[in-house]
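Notes for the one structure printed next.
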Amino acid sequence: MVLVPTMGFFHEGHLSLMREGRRCGDHLVVSLFVNPTQFGPGEDLDAYPRDMDRDLLLAEGEGVDVVFAPQASQIYGQGYQTYVELTELPGHLCGLSRPGHFRGVATVVTKLFNIVMPDVAIFGEKDFQQLAIIRRLVLDLNFPIRIVGHPTVRDSDGLALSSRNAYLTPQQRVSALSLSKALLDAQEKVSRAVRDAKRLIGEAAGFIRSHPETEVDYIAICTPEDLEDVAVIERPALMALTVRVGKTRLIDNRILVP
Ligand code: AMP
């Protein structure tokens with residue numbers, strides 16, 4: 001059995017994970033749950049886009065066998081008090097600006113694994129830190145589950161697909177393109193033998209900030225395994241960034257290959 005965990009409002013990225021799921025096993029379960037414990041105070045839990053009827057049709061179209069869409073009260077019953085927390089990996093990237101986020105993610109994924117008991121679970125590389133955390137969690141807690149990472153699906157202009165793209169105005173969407181462009185530009189520089197991470201980060205930040213309504217949360221270049229900062233790029237390194245465009249928090253990443 002294969003599990004694809006999601007928060008719904010499906011786009012081509014989710015559907016691509018489902019197609020991968022079909023290839024990985026004979027029964028495909030998609031969970032659809034906007035998990036309250038991974039949202040911080042002031043984040044977009046209430047505003048998060050939802051369209052269950054459309055999602056069910058799309059899932060059916062991809063040959064999904066079961067959509068598991070519990071209520072929050074079924075996942076976190078009265079008196080709920082057990083959480084799963086990793087000690088190191090959340091201390092980087094998005095974990096720094098979203099305290100408690102990965103505790104919520106690790107907790108809900110652990111619960112989904114225990115409820116669905118899949119042999120395989122599929123996660124997108126777009127949420128690279130999340131994928132690293134799930135891989136670690138499965139090792140640390142002895143889950144007999146194979147974790148499959150799936151490449152980021154993008155619009156034809158490079159924008160990484162995200163349910164949150166629905167928040168963007170047409171002008172903000174143009175600014176949002178600066179994320180993937182900055183990552184591509186960094187790879188081009190690395191290919192031309194630029195190796196200094198600080199320089200690459202500074203130039204990416206300058207480029208993104210030259211677009212209206214952008215606010216860089218962080219840009220990091222780190223090891224893909226433990227997400228520790230890298231100063232000089234000698235091996236493939238993860239470049240990850242989070243940028244607010246208007247009020248919308250967008251993330252993207254790319255492995256820079258020297
Ligand atoms: P979400 O509903 O945003 O929590 O995403 C559910 C799953 O889909 C996660 O494993 C995400 O990493 C993955 N995902 C989201 N956007 C994309 C994308 N553009 N390409 C590939 N996977 C994605």
Side-chain angles (χ1 to χ4, degrees), residues 2-24 28-40 43-45 47-52 54-56 58-59 62 64 67-70 72 75 89 93-95 98 101-102 104-113 116 118 120-138 145-168 173 176-177 179-180 183 224 238 240-243 248-255:
V2 182
L3 172 65
V4 176
T6 81
M7 299 204 300
F9 208 67
F10 296 149
H11 50 66
E12 209 29 61
H14 296 112
L15 303 185
S16 181
L17 262 62
M18 292 176 205
R19 277 171 223 141
E20 172 95 54
R22 282 250 63 99
R23 292 192 287 272
C24 288
L28 177 57
V29 180
V30 170
S31 63
L32 195 168
F33 181 58
V34 182
N35 173 37
T37 63
Q38 70 188 67
F39 287 80
E43 291 189 352
D44 58 345
L45 172 62
Y48 196 83
R50 293 162 167 91
D51 190 341
M52 177 72 88
R54 180 174 165 275
D55 284 352
L56 289 175
L58 288 169
E62 296 302 333
V64 171
V67 173
F68 176 54
I75 296 295
L89 281 171
L93 309 180
C94 288
R98 302 186 77 187
H101 169 66
F102 288 114
V105 169
T107 301
V108 80
V109 170
T110 299
K111 287 172 68 72
L112 290 170
F113 285 174
V116 177
V120 180
I122 305 183
F123 294 85
E125 288 172 358
K126 171 162 178 281
D127 299 274
F128 197 97
Q129 186 173 17
Q130 168 172 284
L131 175 59
I133 283 173
I134 304 301
R135 288 193 193 284
R136 189 72 246 172
L137 177 151
V138 162
I145 300 175
R146 182 163 71 90
I147 302 300
V148 174
H150 189 79
T152 301
V153 177
R154 299 175 180 280
D155 264 338
S156 54
D157 56 10
L159 182 69
L161 296 183
S162 163
S163 304
R164 289 189 170 101
N165 292 350
Y167 298 143
L168 300 171
R173 196 186 174 290
L177 279 177
L179 279 74
S180 56
L183 292 167
L238 175 73
L241 46 81
T242 294
V243 177
T248 306
R249 195 175 178 283
L250 298 176
I251 61 173
D252 202 349
N253 69 79
R254 181 182 182 108
I255 300 284

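These numbers were taken from a predicted model, which means no experiment stands behind them. One-based numbering, in listed order, for ligands and for the atoms of each. Just the heavy atoms: all of them, side chains too, but no hydrogens, waters or symmetry mates, feed the values below.
A donor-acceptor pair under 3.5 Å links the side-chain atoms of N253 to the main chain of K126, judged by distance alone. No donor-acceptor pair under 3.5 Å is formed between the side chain of E20 and the backbone N or O of I122. D51 places no side-chain N or O within 3.5 Å of a backbone atom of F9 that could act as its donor or acceptor partner. Checking side-chain atoms of D127 against main-chain N and O of I251 turns up no donor-acceptor pair under 3.5 Å. Within the 3.5 Å criterion, the main-chain N or O of I147 finds a donor-acceptor partner in the side chain of R135. In this structure, the side chain of H150 does not engage the main chain of F123 through any donor-acceptor pair within 3.5 Å.
The salt bridge (Lys or Arg N to Asp or Glu O under 4.0 Å) pairs that include a residue from residues 28-38 number zero, where partners must be two or more places apart or lie in different chains.
The protein heavy-atom contact nearest to atom 4 (O) of ligand 1 is M7 CG, 3.6 Å. For atom 20 (N) of ligand 1, the closest non-hydrogen atom of the protein is V153 N, 2.8 Å. Regarding atom 15 (C) of ligand 1, its nearest protein heavy-atom neighbour is H11 CE1, 4.0 Å. Nearest protein heavy-atom neighbour of atom 6 (C) of ligand 1: P5 O, 3.4 Å. The protein atom (non-hydrogen) at minimum distance from atom 8 (O) of ligand 1 is L17 CD2, 3.5 Å.
Looking at S16 against ligand 1, nothing comes within 4.0 Å, counting heavy atoms. Using a 4.0 Å cut-off between heavy atoms, K126 contacts ligand 1 through its side chain alone, with no backbone atom that close. Residue contacts with ligand 1, taken as heavy atom pairs separated by less than 4.0 Å, do not involve R154 at all. The residue V4 has no part lying near ligand 1, judged by heavy-atom distances below 4.0 Å.
Of all atoms in ligand 1, numbered sequentially from 1 with element shown, those under 4.0 Å from a heavy atom of F123 are 10 (O). Proximity to D127 (heavy-atom distance under 4.0 Å) selects the following atoms of ligand 1: 11 (C), 12 (O). Atoms of ligand 1 lying under 4.0 Å from any heavy atom of L161, numbered from 1 in the order shown and given with element: 16 (N), 17 (C), 18 (C), 19 (N). Ligand 1 places these atoms under 4.0 Å from at least one heavy atom of H14: 1 (P), 2 (O), 3 (O), 5 (O), 6 (C), 8 (O). Near G124, the atoms of ligand 1 lying under 4.0 angstrom from a non-hydrogen atom of the residue are 9 (C), 10 (O), 11 (C), 12 (O), 13 (C), 22 (N).
Here the shortest heavy-atom distance to atom 3 (O) of ligand 1, taken over Y48, F9, F128, F33, belongs to Y48.
Not a single ring-ring contact (aromatic ring centres under 6.0 Å, His included) links F102 to another residue, sequence neighbours left out.
Atoms CZ and CZ, on R164 and R249 in that order, are 7.5 Å from each other to the nearest 0.5 Å.
Within the 4.0 Å heavy-atom cutoff, P151 counts among the residues contacting ligand 1.
Of the residues listed (R23, R22, R19), the one engaging L28 in a side chain to side chain contact (heavy atoms under 4.5 Å, CB included) is R22, and it is the only one.
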